[in-house]
Amino acid sequence: MDLQKLCFVIIVTAVISLVCYPSSVTAGDIVHDDNLAPKKPGCENDFVLVKVQTWVDGVEDAEFVGVGARFGTTIVSKEKNANQIRLTLSDPLDCCSAPKHKLDGDVIMVHRGHCKFTTKANNAEAAGASALLIINNQKELYKMVCEPDETDLDIQIPAVMLPQDAGSSLEKMLLTNSSVSVQLYSPRRPLVDIAEVFLWLMAVGTILCASYWSAWSAREAAIEQDKLLKDAVDEIPNEKAVGFSTVVDINTTSAVLFVVIASCFLVILYKLMSYWFIELLVVLFCIGGVEFYASAGIANLPGCFVVKPHSMFELFIMIPLSLIWGTLVKVPIRKWFKHAGESYIKVPFFGPLSYLTLAVAPFCIAFAVVWAVYRTVSFAWIGQDILGIALIITVLQIVHVPNLKVGTVLLSCAFLYDIFWVFVSKKVFHESVMIVVARGDRSGEDGIPMLLKIPRLFDPWGGYSIIGFGDILLPGLLIAFSLRYDWLATKSLRAGYFPWAMLAYGLGLLVTYVALNLMDGHGQPALLYIVPFTLGTFLALGKKRGDLRVLWTQGEPETPCSHVRLQHSEELD
């Protein structure tokens, strides 16, 4: 492997390492049954998030989110069943002693103080309060549990903790307004949200398109090589060309190194996560897209313009055009604008640019700038998903798994990597490193850009369903290999490996979402379910059909020569 290939493999590995994030829901956990927190009769509630809707002088105002206590009565789940109740500030503020004034079913707000949570709840209930809001002395929420020796746990009012900033806002409302009321309820998340369905379709569809593109490009390259053989050309390139790029076959060494490099990048992200680091990732994401398209060759993108890129500027402005218009104007554009795409003019600083590039440059630049500037708005996820899908498809065309052995090593390493950084890292860092990075905690932004996400439309808690690029890219490498093998072996659709590999991936991802919902929104490592389904199906099917040795070592069927193989492929089409 020459230096250029080695550098490219390292770049690809680094990018994949930044995007192997678990399928997750970013609105937070709605129900959390913490087995480590002590339970006893009267103190055995699940920890649930609670919405605190406020009204000022009868007008709906801000909404805050708190967490319910282990003790007390449960919070109603439906908004229509939750009453609007007047809010009162406790006196004394910590409610560690009985309030000075009797309450007529009000919701009492208290500071955390130094006494037990149950002491506050008992004092509030004795004074006639209908609910207790405890303001934490930190911005984070705290799980309110019972002490092991507590016995006075017959508490008949709900208790909710709010973060410090929410408490400050409520205190200002009480001091500046005549009447403040609140409504407490904990809506349940739907079992299945339409976002998960669309995300599943996006992931499966991306691999499907990328596999056919990869197989098509490989066959085009093989046809060109066969023409050279027929024309008796003396010098035949010993690299597999795909348009203007080079296919990179990864090996077992690079597959193992993936875990090391990926882990290093993940720890760097975890330690340096900040607003400015997210900004840097956005820039790298855009530059990476340019580099990937430079390697893939825009001219070979199925359905895109036949344009040979001659400069980085031309590549940059052609990327959005290829993404948006490529699949919509495949054949007509190739015919109509082929001449304009192959006619060039020299532009100072930028070098040779085609007339077609100059014509579409304003539209493409506008697309890129609008996404970068407005990526934090509610609809920016659409542009992010478009760019992400295009990036995944391009990588799957450039990077190939040469045989089943390399695919097995790569997916096995990714399998262990995903499990370690989602689950085992909690033991070392006291939180799941991968989930923290995926959500963009401590960055002030809603996650990193290197993932696909769709807003949860019917979830009362909002948030996004997300999936990392790596959960599509890594299995996609094996699935794309299966289709290339089927085409080279002239297998029919029923007798091939590709349909079964796609079915296994789809089922594995489906099981991931089932597990996600069963775990009440806790992030799940998708590869934990996808790898056994996909890799296990491929290995079992290869063993049953007697192709395992060829798949494992060669990765290509045994054929007399290339032109015989191509003839069979053309007949199959």
Side-chain angles (χ1 to χ4, degrees), residues 8-9 12-13 15-16 19-20 202-222 240-243 245-251 254-255 258 292 295-297 300-303 388-412 414 452 467 469-491 493 496-506 508-509 526-527 530-531 533-539 541-542 547 550-552 554-557 569 572-573:
F8 184 80
V9 170
V12 172
T13 305
V15 170
I16 295 177
V19 294
C20 289
M202 284 171 57
V204 173
T206 299
I207 291 182
L208 185 66
C209 295
S211 298
Y212 273 99
W213 181 17
S214 175
W216 172 83
S217 300
R219 187 170 61 176
E220 289 293 310
K240 294 183 281 184
V242 180
S245 68
T246 300
V247 169
V248 177
D249 284 336
I250 59 177
N251 54 33
S254 58
F258 160 77
F292 286 130
S295 301
N300 289 286
L301 181 60
I389 290 173
L391 181 60
I392 293 170
I393 293 176
T394 305
V395 173
L396 290 178
Q397 186 209 16
I398 300 169
V399 183
H400 285 184
V401 168
N403 52 52
L404 189 54
K405 177 183 177 181
V406 174
T408 301
V409 173
L410 177 64
L411 289 182
S412 298
L452 302 182
I467 184 171
F469 289 174
D471 297 329
I472 304 174
L473 272 171
L474 295 172
L477 290 170
L478 185 66
I479 296 173
F481 161 73
S482 70
L483 183 59
R484 292 195 301 272
Y485 180 86
D486 287 351
W487 281 20
L488 293 176
T490 66
K491 289 182 176 292
L493 189 64
Y497 291 94
F498 175 71
W500 295 102
M502 279 299 309
L503 178 62
Y505 176 80
L509 189 57
L527 295 181
I530 293 174
V531 169
F533 271 86
T534 307
L535 186 59
T537 299
F538 209 153
L539 290 171
L541 203 58
D547 297 332
V550 176
L551 288 167
W552 187 264
Q554 298 175 216
E556 294 183 357
S569 297
L572 181 61
D573 292 341

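Quick note: numbers below take in every heavy atom, side chains included, and nothing from hydrogens, waters or symmetry partners. Given the structure is predicted, the values throughout are model-derived calculations rather than measurements.
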Inset, instruction - Evaluate whether atom CH2 of W552 has more than 12 neighbouring non-hydrogen atoms of other residues, nucleotides or ligands under 6.0 angstrom away. - result: yes
Shortest non-hydrogen contact between [X] and [Y], atoms and distance:
{"X": "L474", "Y": "A414", "answer": "CD1-CB, 3.5 Å"}
{"X": "G470", "Y": "P475", "answer": "O-CD, 3.6 Å"}
{"X": "T534", "Y": "A501", "answer": "CG2-O, 4.4 Å"}
{"X": "G506", "Y": "V204", "answer": "CA-CG2, 4.2 Å"}
{"X": "F481", "Y": "P402", "answer": "CE1-O, 3.6 Å"}
{"X": "G555", "Y": "Y485", "answer": "O-CD1, 3.5 Å"}

For the backbone of [Y] and the side chain of [X], can you confirm whether one donor and one acceptor N or O come within less than 3.5 Å of each other?
{"X": "T206", "Y": "M202", "result": "yes"}
{"X": "T408", "Y": "L404", "result": "yes"}
{"X": "S482", "Y": "I479", "result": "yes"}
{"X": "R484", "Y": "V401", "result": "yes"}

Approximate separation, where rounding is to 0.5 Å, of [X] [atom1] and [Y] [atom2]:
{"X": "N403", "Y": "L478", "atom1": "CG", "atom2": "CG", "result": "10.5 Å"}
{"X": "D547", "Y": "Y497", "atom1": "CG", "atom2": "OH", "result": "3.5 Å"}
{"X": "Y212", "Y": "F498", "atom1": "OH", "atom2": "CZ", "result": "5.0 Å"}
{"X": "I393", "Y": "L473", "atom1": "CD1", "atom2": "CG", "result": "10.5 Å"}
{"X": "D471", "Y": "L509", "atom1": "CG", "atom2": "CG", "result": "8.0 Å"}
{"X": "I392", "Y": "F469", "atom1": "CD1", "atom2": "CZ", "result": "5.0 Å"}

Validation row: [X], [Y] side chains within 4.5 angstrom (heavy atoms):
{"X": "S412", "Y": "L535", "value": "yes"}
{"X": "P499", "Y": "D486", "value": "yes"}
{"X": "H400", "Y": "I250", "value": "no"}
{"X": "L452", "Y": "I472", "value": "yes"}
{"X": "F538", "Y": "W500", "value": "no"}

Inset, instruction - List in chain and number order the residues that pass ring pair (Phe, Tyr, Trp, His ring centres under 6.0 Å) with F533, two or more places apart in sequence or in another chain; answer none if no residue qualifies. - result: none
